[in-house]
Amino acid sequence: MKRLMLAAAIVAGLSTAVPAAAQFAKPEDAIKYRQSAMFLQNTHLGRLAAMANGRVPFDAKVAAENADVLMAVTKLPFAAFIEGTDKGDTKAKPEIWAEKDKFMAGANKMQEEVVKLNAAAKTGSIDQLKSAVGAVGQSCKACHDNYRKE
């Protein structure tokens, strides 16, 4: 039952990612949407990192479940980096819009690393998880260093 609900949530999330920009009534809605999606990314990557770093016991099933969710939510925030969302309650730097191609290349790199992380989590190997978590973390950090205000 949990897997069915997770699958339904993933499908629902993915189906809203593409047309999301057209659905925001106000710039603040887009900002909240992407912040919420990034919160989810951070939460699920954090759970995987805690296992990889030994802060919590490794559980292959839990790792695989968190990697599945991370795969889905990683696609969500980027539809909400639309014009007009560079102001307000956001930590997004103006460089995102000035360097949109470079910004999206970083997003794509992170998504590619998450695909690898998902595959690593499915192996049940803590060693593979450790390596993949580190790569995702580095891709997140690279983007935050360039495009997120402190």
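Scored by the salt bridge (Lys or Arg N to Asp or Glu O under 4.0 Å) test, Lys109 finds Glu113 as partners (sequence neighbours excluded). Applying the side-chain hydrogen bond (donor to acceptor under 3.5 Å, both in side chains) criterion to Asp89, with sequence neighbours excluded, gives no partner residue. When the ring-ring contact (aromatic ring centres under 6.0 Å, His included) test is applied to Phe103, the partners found at least two apart in sequence or on another chain are Phe78, Phe81, Tyr147. By the side-chain hydrogen bond (donor to acceptor under 3.5 Å, both in side chains) test, Asn118 pairs with Lys122, sequence neighbours left out. For Lys87, the salt bridge (Lys or Arg N to Asp or Glu O under 4.0 Å) test picks out no residue, with sequence neighbours left out.
To the nearest 0.5 Å, the span separating NZ on Lys93 from CG on Asp86 amounts to 14.0 Å. Note: Lys130 NZ to Met51 CE = 13.0 Å, rounded to the nearest 0.5 Å.
Between Thr85 and Arg34 the shortest side-chain heavy-atom distance falls below 4.5 Å. Annotation: side chain of His44 is not in contact with side chain of Leu48 (no heavy-atom distance under 4.5 Å). Between Leu129 and Leu117 the shortest side-chain heavy-atom distance falls below 4.5 Å.
Side-chain atoms of Lys116 never come within 3.5 Å of backbone atoms of Glu112 as a donor-acceptor pair (strictly under, hydrogens ignored). The backbone N or O of Met104 sits less than 3.5 Å from a side-chain atom of Asn108, completing a donor-acceptor pair.
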For residues 132-146, which side-chain N or O atoms pair as donor and acceptor with protein atoms under 3.5 Å away, sequence neighbours left out?
residue : atom : partner : partner atom : Å
Ser139  : OG   : Val136  : O            : 2.7
Lys141  : NZ   : Asp145  : OD1          : 3.4
Lys141  : NZ   : Asp145  : OD2          : 2.7
Asn146  : ND2  : Ala142  : O            : 3.1

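Closest approach of Phe24 and Ile82 over heavy atoms only: CD1-CD1, 3.9 Å. Listed here is the closest heavy atom pair of Ala63 and Ala121: O-CB, 3.8 Å. Smallest separation of non-hydrogen atoms from Gln111 and Lys75: NE2-CA, 3.7 Å. In plain terms, the two heavy atoms of Leu70 and Thr74 that are nearest each other are O-OG1, 2.5 Å. Shown here for Ala80 and Tyr33, the closest heavy-atom pair between the two residues is CB-CD2, 3.6 Å. Thr90 approaches Lys149 most closely through the heavy-atom pair O-NZ, 4.2 Å.
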Check: Step by step, would you call Val114 with Gln41 a side-chain contact (heavy atoms from CB on, under 4.5 Å)?
Finding: CA-CA 10 Å; Val114 169; Gln41 285 178 303; over 6 Å; no
Margin query: Run Glu65 and Lys61 through salt bridge (charged side-chain N to carboxylate O under 4.0 Å, His left out) and show every step you take.
Written below: CA-CA 6 Å; Glu65 289 170 351; Lys61 182 179 182 285; 2.7 Å; yes
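Note on Leu40 and Ile31: separate hydrophobic clusters, where clusters join Ile, Leu, Val, Met, Phe, Trp and Tyr whose side-chain heavy atoms are under 4.5 Å apart, directly or indirectly.
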